[in-house]
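Lettering of chains follows the sequences in order, A, B, ..., and the numbering in each one begins at 1.
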Amino acid sequence: KNQVEQSPQSLIILEGKNCTLQCNYTVSPFSNLRWYKQDTGRGPVSLTIMTFSENTKSNGRYTATLDADTKQSSLHITASQLSDSASYICVVSDRGSTLGRLYFGRGTQLTVWP
Amino acid sequence: EADIYQTPRYLVIGTGKKITLECSQTMGHDKMYWYQQDPGMELHLIHYSYGVNSTEKGDLSSESTVSRIRTEHFPLTLESARPSHTSQYLCASSESDLRESYNEQFFGPGTRLTVL
């Protein structure tokens, strides 16, 4: 069964600190993995995308890693800001369908305190 | 910022009422999707469309229906709303060529539906 598991479920950090969010998946055949940021009451917005051959990708203060062998990914946030408070969702796409089906994790709810 | 819009953003309605959630996109995308999301839970695909006059049910069984008469418009309808329909509904769209877009889906802001 194709699944995406994220940890921790929630995380509270102080402004300026770093944090790392984890994602494990069992989706096969694998196409790509994205990290989305979802602000409260809004739709998800893509932060990074990684294909099978990529093992790291950065977008400003966000750095994602991918280990396709162990089927694990992480999202590292550097020098957190209050605006980073959101849910971060790991999304894995398979390449076995014409639909481009996405498999969603439940997200990690990050709260940044001043 | 993706050009995909949903209205209304919030809706509180009584049991038994018929409702339509609107979704429109200006990107010319052929593929469109409806997801349902409860707090702290993953998004569940309830409907999708490959293009005009194409609609399919998703993974999560839903009593809602959809239509795709125009490329840019993908409304979702509940004929008789019930409290169990209370949830957030997210609309998304993607390019036809998945190899070009790596399956990226662009999401609207969502509609928060509450059925009393």
Q38(A) portion near chain B, given a 4.5 angstrom heavy-atom threshold: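 Contact with chain B is through the side chain of Q38(A) alone.
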Chain B contact via Y103(A) - side chain, backbone, both or neither, heavy atoms under 4.5 Å: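 Neither part; nothing is under 4.5 Å.
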Before accepting this row, confirm whether a basic side-chain N of the pair E5(A)/R106(A) lies closer than 4.0 Å to the acidic partner's carboxylate O.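 So E5(A) does not pair with R106(A) through a salt bridge.
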Check this for me: does any side-chain nitrogen of one of E95(B) and K31(B) sit under 4.0 Å from a carboxylate oxygen of the other?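 No salt bridge links E95(B) with K31(B).
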Residue Q37(B) versus chain A: region with a heavy atom under 4.5 Å: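 The side chain, not the backbone.
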Please look at L90(B) and chain A and tell me whether the side chain, the backbone, both or neither of the residue comes under 4.5 angstrom of a heavy atom of that chain.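 The side chain, not the backbone.
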Hey, are the side chains of V4(A) and I89(A) touching, using non-hydrogen atoms and a 4.5 Å cut-off?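 They are not in contact (no side-chain heavy atoms under 4.5 Å apart), so the answer is no.
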Is the closest side-chain heavy-atom distance between Y50(B) and D30(B) below 4.5 Å?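 When only atoms from C-beta onward are counted, D30(B) and Y50(B) do not touch, as no gap falls below 4.5 Å.
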If the plane angle is over 60° it's perpendicular, under 30° parallel, otherwise tilted; pick one for F107(B) and Y35(B).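 F107(B) and Y35(B): tilted rings.
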Tell me if the aromatic rings of F74(B) and Y33(B) count as close, with their centers under 6.0 Å from one another.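 When the ring centroids of F74(B) and Y33(B) are compared, they turn out to be at least 6.0 Å apart.
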H29(B): partners by ring pair (Phe, Tyr, Trp, His ring centres under 6.0 Å), with sequence neighbours left out: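 H29(B) satisfies ring pair (Phe, Tyr, Trp, His ring centres under 6.0 Å) with F106(B) once adjacent residues are dropped.
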Looking only at heavy atoms, which of residues 108-116 of chain B get nearer than 4.5 Å to chain A?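 Near chain A, by residue number: G108(B), P109(B).
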Please determine, by modelled atom types, if W34(B) and S64(B) share a side-chain donor-acceptor pair under 3.5 angstrom.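 S64(B) and W34(B) do not have a side-chain donor-acceptor pair below 3.5 Å.
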